[in-house]
Amino acid sequence: MLNGIRIFVSDNAWRKILDDLGAVVVDKPAGADVNLDALGIDAPIHPMELKAIVLDAMDVGPMMMRIFDRPVRLPRMQLQIVKNLYQSGGMTGADLRAAIGVAPDVTTHAVDNAIYQLRKTFGRDFIQNKNGVYTIGKL
């Protein structure tokens, strides 16, 4: 659920929960994508609520550096696509649209258009589609 996201938290109970959700729990805030202590979350909380809070709080700058090896600024939808595909390791088109907030029954080409623009900018192999699953590929 939180695969690969580096999270700092000092509380051992939260550390266990985050580890169970697939996050990489780090020992120092400087090496984290998210500092959970700074968010002041009160338990109990549903895992999906926790995921939403973490993803909203995540500083995407370090993640973009890991993906592109340089600072990159993207339009909102392109950023959401890259962020979701990177964090999940791959998503179907329907799951990707849902993660971005596009209703599944809405007819729109906004996501397809954003993927096209990403491929145009970073190369055809950057966003790959294998058997209906989109993934981050090569730059």
Side-chain angles (χ1 to χ4, degrees):
M1 181 185 293
L2 297 173
N3 297 339
I5 299 174
R6 295 185 320 258
I7 302 174
F8 168 77
V9 64
S10 59
D11 182 88
N12 285 333
W14 277 115
R15 293 174 74 82
K16 173 70 172 122
I17 291 167
L18 292 167
D19 185 57
D20 289 346
L21 293 175
V24 176
V25 181
V26 297
D27 296 324
K28 297 179 182 177
D33 296 320
V34 175
N35 180 344
L36 200 68
D37 287 352
L39 298 178
I41 299 171
D42 294 322
I45 187 170
H46 190 275
M48 292 305 288
E49 290 175 279
L50 178 61
K51 178 182 178 182
I53 290 169
V54 167
L55 293 180
D56 286 343
M58 193 168 147
D59 178 12
V60 296
M63 181 177 49
M64 292 291 119
M65 286 294 291
R66 285 193 303 275
I67 295 169
F68 295 101
D69 289 329
R70 61 186 166 89
V72 173
R73 297 198 68 177
L74 297 172
R76 185 186 68 79
M77 183 158 305
Q78 290 179 24
L79 177 65
Q80 288 180 319
I81 289 169
V82 171
K83 182 174 90 169
N84 281 295
L85 292 179
Y86 181 78
Q87 290 170 341
S88 68
M91 299 177 92
T92 66
D95 290 340
L96 183 58
R97 282 190 297 278
I100 292 171
V102 176
D105 56 346
V106 172
T107 304
T108 180
H109 295 286
V111 174
D112 298 327
N113 219 6
I115 290 171
Y116 169 79
Q117 291 300 323
L118 285 164
R119 286 175 171 160
K120 183 177 171 184
T121 304
F122 299 108
R124 177 91 178 121
D125 292 331
F126 179 59
I127 304 289
Q128 297 179 346
N129 187 337
K130 292 180 183 173
N131 299 322
V133 176
Y134 288 100
T135 59
I136 298 283
K138 301 174 189 173
L139 282 174

ask   = Should the heavy atoms of other residues, nucleotides or ligands under 6.0 Å from CZ of Phe68 be counted, would the total exceed 12?
value = yes

key: Worked check of side chain to side chain contact (heavy atoms under 4.5 Å, CB included) between Leu85 and Phe126   = CA-CA 11 Å; Leu85 292 179; Phe126 179 59; over 6 Å; no

Hey, what do you get for [atom1] ([X]) to [atom2] ([Y]), rounding to the nearest 0.5 Å?
X: Arg119; Y: Asp125; atom1: CZ; atom2: CG; answer: 9.0 Å
X: Met63; Y: Arg6; atom1: CE; atom2: CZ; answer: 10.5 Å
X: Leu18; Y: Leu50; atom1: CG; atom2: CG; answer: 5.5 Å
X: Leu139; Y: Ile67; atom1: CG; atom2: CD1; answer: 8.5 Å
X: Arg97; Y: Ile81; atom1: CZ; atom2: CD1; answer: 10.5 Å
X: Asn129; Y: Leu96; atom1: CG; atom2: CG; answer: 10.5 Å

query = Are side-chain heavy atoms of Val25 and Ile7 found at a separation under 4.5 Å?
reply = no

ask   = Should Val82 and Met64 count as side-chain neighbours, where that means a heavy-atom distance under 4.5 Å?
value = yes

Heavy atoms only: give me the nearest [X]-[Y] pair and the separation to one decimal.
X: Asn84; Y: Ala99; value: OD1-CB, 3.7 Å
X: Leu21; Y: Pro47; value: CD2-CB, 4.3 Å
X: Gln128; Y: Lys138; value: NE2-N, 4.3 Å
X: Val34; Y: Val54; value: CG2-O, 3.6 Å
X: Trp14; Y: Val9; value: CB-CG2, 3.6 Å
X: Leu79; Y: Leu74; value: N-CB, 4.0 Å

inquiry  = Keeping Gln78 on the side-chain end and Pro75 on the backbone end, is there a donor-acceptor pair under 3.5 Å?
reply    = no

Tell me whether [Y] is reachable from [X] by hopping between hydrophobic residues (I, L, V, M, F, W, Y) whose side-chain heavy atoms are closer than 4.5 Å.
X: Ile17; Y: Ile45; value: yes
X: Val133; Y: Val111; value: no
X: Met65; Y: Ile5; value: no
X: Val26; Y: Leu2; value: no

inquiry  = Under 4.0 Å between a side-chain nitrogen and a carboxylate oxygen: does that hold for Arg15 and Asp19?
reply    = no

